[in-house]
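The structure appears right after this line, and notes come after that.
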Amino acid sequence: MKALLFIETDGEKALGGSLELISAAKALDAEGTALVAGNRAAADTVAELGIPVIYIESATDCDTLTAVLSETVKEENPDLVLLANTALSKDIAPRIAARQNLGCVSDVTGMSKSDDKVIYTRPAYNGTILENIEVEGTAVVTVRNGSFSKPEAASNAGVTEKKIEIPADAVKAKIVDTVKEITESVNLEEAEIIVSGGRGMGSAENFELVKELASVLGGVVGATRPPIEDGWISRAHQVGQSGKIVAPKLYIACGISGAAQHTSGMMGSSYIVAINKDEDAPIFEIANLSIVGNVTEILPLMIEEMKKA
Ligand code: FAD
């Protein structure tokens, strides 16, 4: 079985979610080849993880990357094409599938082999069920961040630089300028610790406790939608269906009920601590550690204890 992996970079390094694709391919015993574009240092790093890399120098925008990947799929003829579940890769994946007439599965959290077929598992209906999907022929698949472990270093598998001729009509949009939007940038997707606050925090003033605990733990602040609508924190921090999909090692949910629109974005966390005054709150159904109590009493105690640690 052959897998082609698209490794996305942030301009400096390969994204963690993309590197997990190497472990995903290994879990299937697939012979993997990675495609890295526009960042030679990232290509070298990926090769050091034991996977051969095809390096394309100039492609960075969605149209060019789609064309480059489509051509590589034609040449390599893989059984599956793996991409991370980022905004850019989710844009590219269906385009390749449509151009090459392939199946497409998004937001996959697990893969297994049955005979010679791959079964793709993904959450549906806001994470209330997991569905298994089989694809006839080659599949283009986006994989949810945190579903597979980060790969270990291995012997360098080498980088091959390639030039791919892109048909003139393939690139319909041209980037003429890049304007950096002045918004807060929050790296929730790559965070190992997230402390999230919900409506139960009660006020912007109390929400500061969430920020303080996150800071003491060296983590990142997350939020449900209500605190954002109430202006306690910016939209960049939203976790969930219409926010970010996260998978940290530790997720602390403070005053959060556990609505499906929120939990669908954080249920991949390795360890979930939930603090809620209602012992029947749905968040406790997915929590590893449930604390029944008032956030305004419990958070100051946690902050105090963590400062001592
Ligand atoms: P609530 O559901 O109101 O829960 C507050 C909780 O705090 C309660 O369980 C309560 O017992 C507890 N509490 C209250 N006071 C205290 C206290 N002093 N101490 C301890 N506990 C206390 N939401 C998201 O989060 N992310 C999304 O991406 C998202 N996308 C959406 C998309 C759509 C199309 C729609 C319709 C909704 C979306 N929502 C999203 C909103 C979602 O449906 C819920 O309304 C939201 O997640 C609830 O947030 P919450 O848990 O903070 O608030």
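In each ligand, atom 1 is the first atom listed, and ligand 1 is the first ligand listed. FYI, side chains are in, hydrogens and waters are out, and symmetry mates aren't considered; it's all heavy atoms of this structure.
The shortest contact between atom 7 (O) of ligand 1 and any protein heavy atom is with Gly255 O, 3.1 Å. Atom 4 (O) of ligand 1 has as its closest protein heavy atom Ser257 CB, 3.2 Å. In this structure, the protein non-hydrogen atom closest to atom 9 (O) of ligand 1 is Asn276 ND2, 2.8 Å. Among all non-hydrogen protein atoms, the one lying nearest atom 3 (O) of ligand 1 is Arg199 NE, 2.8 Å. Closest to atom 19 (N) of ligand 1 among all protein heavy atoms lies Val295 N, 2.9 Å. Annotation: atom 50 (P) of ligand 1 to nearest protein heavy atom, Thr224 OG1, 3.6 Å. Looking only at protein heavy atoms, the nearest one to atom 21 (N) of ligand 1 is Lys277 N, 3.1 Å.
Taken together through direct or relayed side-chain contacts under 4.5 Å among Ile, Leu, Val, Met, Phe, Trp and Tyr, Ile275 and Val216 form part of one hydrophobic cluster. Residues Leu4 and Ile96 are members of one and the same hydrophobic cluster, defined by side-chain heavy-atom contacts under 4.5 angstrom among Ile, Leu, Val, Met, Phe, Trp and Tyr.
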Checking side chain to side chain contact (heavy atoms under 4.5 Å, CB included) for the pair Met266/Ser269: CA distance, chi angles, key distance, verdict?
-> CA-CA 6 Å; Met266 48 65 81; Ser269 308; 4.1 Å; yes
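Distances below 4.0 Å separate heavy atoms of Asp278 from the following atoms of ligand 1: 11 (O). Taking a cut-off of under 4.0 Å to the non-hydrogen atoms of Gly243, the atoms of ligand 1 that pass are 28 (O). Here is the list of ligand 1 atoms found below 4.0 Å of a heavy atom in Gly198: 52 (O). Against a heavy-atom cut-off of under 4.0 Å, Gly240 is close to the following atoms of ligand 1: 26 (N), 27 (C), 28 (O). Against a heavy-atom cut-off of under 4.0 Å, Ser242 is close to the following atoms of ligand 1: 27 (C), 28 (O), 29 (C), 30 (N), 31 (C), 32 (C). Each of the atoms 27 (C), 28 (O) of ligand 1 lies under 4.0 Å from some heavy atom of Gln241.
Of the heavy atoms in Val239, only backbone atoms (N, CA, C, O) come closer than 4.0 Å to ligand 1.
Gly202 does not count as a contact of ligand 1, since none of its heavy atoms falls under 4.0 Å from the ligand. At least one heavy atom of Gly293 lies less than 4.0 angstrom from ligand 1. Judged by the shortest distance from any of its heavy atoms, Asn294 lies inside the 4.0 Å radius around the atoms of ligand 1.
In terms of polar-atom proximity, Ile275 is not counted as a contact of ligand 1, lacking any N or O under 3.5 Å from an N or O of the ligand.
A donor-acceptor pair is defined here as one N or O able to donate and one able to accept, closer than 3.5 Å; no such pair exists between the side chain of Thr9 and the backbone of Glu12.
Of the candidates Gln238, Gln261, His262, Arg235, it is Gln261 that places a heavy atom closest to atom 42 (C) of ligand 1. Of the candidates Glu229, Arg225, Met201, Glu297, the one placing a heavy atom closest to atom 23 (N) of ligand 1 is Arg225. In this structure, of Gly200, Ala259, Ser196, the residue bringing a heavy atom nearest to atom 14 (C) of ligand 1 is Gly200.
How far CD1 of Ile272 is from CE of Met267: 7.5 Å, rounded to the nearest 0.5 Å.
Between Lys117 and Glu136 a salt bridge is recorded (basic side-chain N to carboxylate O distance below 4.0 Å). Under 4.0 Å is where a charged nitrogen must lie from a carboxylate oxygen, and between Lys26 and Asp29 no such pair does. For the pair Glu305 and Lys308, the salt-bridge criterion is met [side-chain N within less than 4.0 Å of a carboxylate O]. Electrostatic pairing of Asp63 and Arg95 counts as a salt bridge here, judged by a charged N lying under 4.0 Å from a carboxylate O. Between Lys162 and Glu57, no side-chain nitrogen of the basic residue sits less than 4.0 Å from a carboxylate oxygen of the acidic one, so the salt-bridge criterion is not met. The pair Arg144-Asp107 meets the salt-bridge criterion, since a charged nitrogen lies less than 4.0 angstrom from a carboxylate oxygen. A salt bridge links Glu192 with Lys249; the closest basic N to acidic carboxylate O contact falls under 4.0 Å.
The 12-atom threshold is not exceeded at CD of Glu31, counting heavy atoms of other residues, nucleotides or ligands nearer than 6.0 Å.
When distances from atom 47 (O) of ligand 1 to the protein are checked, a heavy atom turns up under 4.0 Å.
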